Amino acid sequence: MYLLWKLMWREPGDYIFLQNPPGLPSIAVCWFVGCLCGSKLVIDWHNYGYSIMGLVHGPSHPLVLLAKWYERFFGRLSHLNLCVTNAMREDLAENWRISAVTVYDKPASFFKETPLDLQHWLFMKLGGTYSPFRARSEPEDPATERSAFTERDAGSGLVTRLRERPALLISSTSWTEDEDFSILLAALEKFEQLILDGHKLPSLVCVITGKGPLREYYSRLIQQKCFQRVQVCTPWLEAEDYPLLLGSADLGVCLHTSSSGLDLPMKVVDMFGCCLPVCAVNFKCLHELVKHEENGLVFEDSEELAAQLQMLFSNFPDPAGKLNQFRKNLRESEQLRWDESWVQTVLPLVMDT
């Protein structure tokens with residue numbers, strides 16, 4: 001009712017844009033308002049809402065089946081459909097008789113590599129709350145400002161990376177059923193054992209950001225681990241600090257598997273915007289975003305992820321290593337940003353509708 005009231009009590013637009021999910025009951029409300037006001041409905045399909053409900057209730061639950069019918073029925077009433085993968089475009093056409101245009105997600109302009117002095121500022125700020133960001137040892141000069149990764153010279157103000165710094169790995173999540181973080185925890189255990197066995201690998205700081213229903217469950221699992229050379233931190237970051245941390249990290253890890261198998265993880269899009277290489281768990285259409293051995297690596301299980309971490313962080317930091325090659329490839333890819341993609345791709349489609 002609130003959505004209906006908000007749409008009715010404002011000047012009608014030529015178009016109503018709706019991202020789905022969430023589409024229950026938004027699709028029907030937007031279609032109804034469009035009929036009354038003469039607005040055209042544009043649906044941006046990022047996933048299927050019924051498939052997300054199916055993670056909790058099961059795919060054959062009556063509510064899930066009703067939601068699937070609802071999305072399919074009202075989705076056909078839109079004037080233009082956009083979707084985020086070719087796999088979803090084909091599925092919409094074959095199973096729902098909906099014609100859509102693939103428009104890949106792009107990162108916002110503020111997702112970019114973070115300058116070193118800004119990295120240091122962020123590490124010092126986070127170190128006030130989270131111990132993994134604090135210096136492992138005190139500098140010889142008490143006036144020197146040091147974090148776990150960087151230090152600022154007291155005289156010149158120059159920021160440098162510490163030679164023996166830990167590697168910084170980041171993963172972001174909404175802590176839901178479509179991301180199995182036990183895979184990452186098992187890989188971290190294997191990685192630490194490699195260090196203890198004498199392999200030349202750095203200590204590791206693993207930052208997992210986000211809030212969600214399974215956060216407490218995994219926090220308890222993390223607390224039960226007896227890590228010595230791996231530190232796991234689960235902060236809730238301020239909105240402006242999240243892109244800065246992505247732009248400061250050495251590697252991203254994505255455990256998103258997609259409830260439908262047809263959408264792509266926006267977190268990886270943002271990581272690529274920061275030129276951050278990614279290790280991502282494989283699923284049906286991931287290849288449309290993560291190019292194995294080009295901008296990151298794809299894994300199937302914790303064993304494979306642990307092997308990838310070992311390979312990428314061997315002799316860290318290695319300027320000639322594969323991690324830096326992936327970053328170089330991302331820098332050279334000249335990615336479009338969200339606003340550029342909108343003007344070049346979406347706006348012409350809308351004008352022709």
Side-chain angles (χ1 to χ4, degrees), residues 107-172 191 195 200-209 229-253 270-278 295-296 309 312-335 337:
S109 58
F110 50 78
F111 284 101
K112 56 188 177 183
E113 292 185 85
T114 305
L116 189 56
D117 58 343
L118 197 51
Q119 289 185 32
H120 178 73
W121 172 85
L122 178 66
F123 295 149
M124 295 301 297
K125 175 184 176 181
L126 294 175
T129 306
Y130 305 105
S131 60
F133 291 93
R134 297 171 193 158
R136 305 309 194 257
S137 60
E138 294 297 324
E140 293 182 5
D141 183 352
T144 298
E145 193 177 64
R146 179 180 289 180
S147 72
F149 308 94
T150 55
E151 68 178 11
R152 183 188 295 276
D153 182 80
S156 66
L158 181 67
V159 175
T160 56
R161 292 185 175 91
L162 298 177
R163 181 174 299 178
E164 300 297 325
R165 68 183 177 93
L168 178 56
L169 183 152
I170 187 166
S171 184
S172 57
F191 184 83
I195 299 175
K200 191 175 181 182
L201 295 166
S203 297
L204 194 63
V205 173
C206 175
V207 179
I208 308 172
T209 70
R229 303 293 298 277
V230 173
Q231 292 178 287
V232 182
C233 181
T234 58
W236 174 247
L237 298 173
E238 296 177 19
E240 59 270 21
D241 289 344
Y242 175 63
L244 295 180
L245 189 58
L246 287 188
S248 306
D250 298 300
L251 179 67
V253 171
D270 295 337
M271 289 174 181
F272 284 170
C274 295
C275 296
L276 178 63
V278 169
N295 54 19
L309 295 179
L312 292 173
F313 289 130
S314 181
N315 298 315
F316 177 85
D318 180 7
K322 185 155 287 190
L323 197 59
N324 273 342
Q325 183 59 52
F326 291 160
R327 193 182 293 273
K328 181 173 179 287
N329 292 344
L330 286 165
R331 287 173 181 152
E332 294 174 351
S333 64
E334 297 182 357
Q335 306 171 70
R337 296 296 164 157

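The structure displayed is predicted, hence computed values, not measured ones. Basis for what follows: all heavy atoms, side chains included, without hydrogens, waters or symmetry-related copies.
Note: D153 CG to E145 CD = 11.5 Å, rounded to the nearest 0.5 Å. Separation of atoms CG (L330) and CD (E113) is listed at 9.0 Å; rounding is to 0.5 Å. Taking CZ of F316 as the reference point, atom OG of S203 lies at 10.5 Å (rounded to 0.5 Å). Residue C233 holds its SG atom at 9.0 Å from CD1 of I208, rounded to the nearest 0.5 Å. Here CG of N295 is found 14.0 Å from NZ of K328. Values are rounded to the nearest 0.5 Å. From C275, atom SG reaches atom CE of M271 across 13.5 Å, with rounding to the nearest 0.5 Å.
For the pair Q231 and C206, the minimum side-chain heavy-atom distance is 4.5 Å or more. The shortest distance between side-chain heavy atoms of R152 and T144 does not fall below 4.5 Å.
By the neighbour-count criterion of 12 heavy atoms within 6.0 Å, atom CD of E332 is densely surrounded, having more than that number from other residues, nucleotides or ligands. Around NZ of K125, the count of heavy atoms belonging to other residues, nucleotides or ligands within 6.0 Å exceeds 12.
Scanning both residues, R136 and A148, for their nearest heavy atoms gives NH1-CB, 2.7 Å. For C274 against P243, the heavy-atom pair with the smallest separation is SG-O, 3.9 Å. Looking at every heavy atom in both residues, S109 comes nearest to K112 through O-CD, 3.9 Å.
Within the 3.5 Å criterion, the main-chain N or O of D318 finds no donor-acceptor partner in the side chain of N315. Although no hydrogens or angles enter the test, the distance criterion places no donor-acceptor pair under 3.5 Å between the side chain of R146 and the main chain of E151. Q335 places a side-chain N or O within 3.5 Å of a backbone atom of F272 that can act as its donor or acceptor partner.
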- Between L251 and L309, does a side chain to side chain contact (heavy atoms under 4.5 Å, CB included) hold up when you go through it step by step? CA-CA 9 Å; L251 179 67; L309 295 179; 3.6 Å; yes
- Message: Apply side chain to side chain contact (heavy atoms under 4.5 Å, CB included) to residues L126 and L245 and explain how you reach the verdict.
- Response: CA-CA 10 Å; L126 294 175; L245 189 58; 4.3 Å; yes
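Residues meeting the ring pair (Phe, Tyr, Trp, His ring centres under 6.0 Å) test with F191, sequence neighbours left out: none.
Listed by first then second residue, pairs satisfying ring-ring contact (aromatic ring centres under 6.0 Å, His included) with a partner in residues 121-166 read F123-F149, not counting sequence neighbours.
Screening L237, L244, D117 against L122 for a side chain to side chain contact (heavy atoms under 4.5 Å, CB included) leaves a single residue, L244.
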Under 3.5 Å, sequence neighbours excluded: what are the donor-acceptor pairs made by side chains of residues 158-172?
from: R165; atom 1: NH1; to: D250; atom 2: OD2; distance (Å): 3.2
from: R165; atom 1: NH2; to: D250; atom 2: OD1; distance (Å): 3.4
from: S171; atom 1: OG; to: V253; atom 2: O; distance (Å): 2.7
from: S172; atom 1: OG; to: Y242; atom 2: OH; distance (Å): 3.0

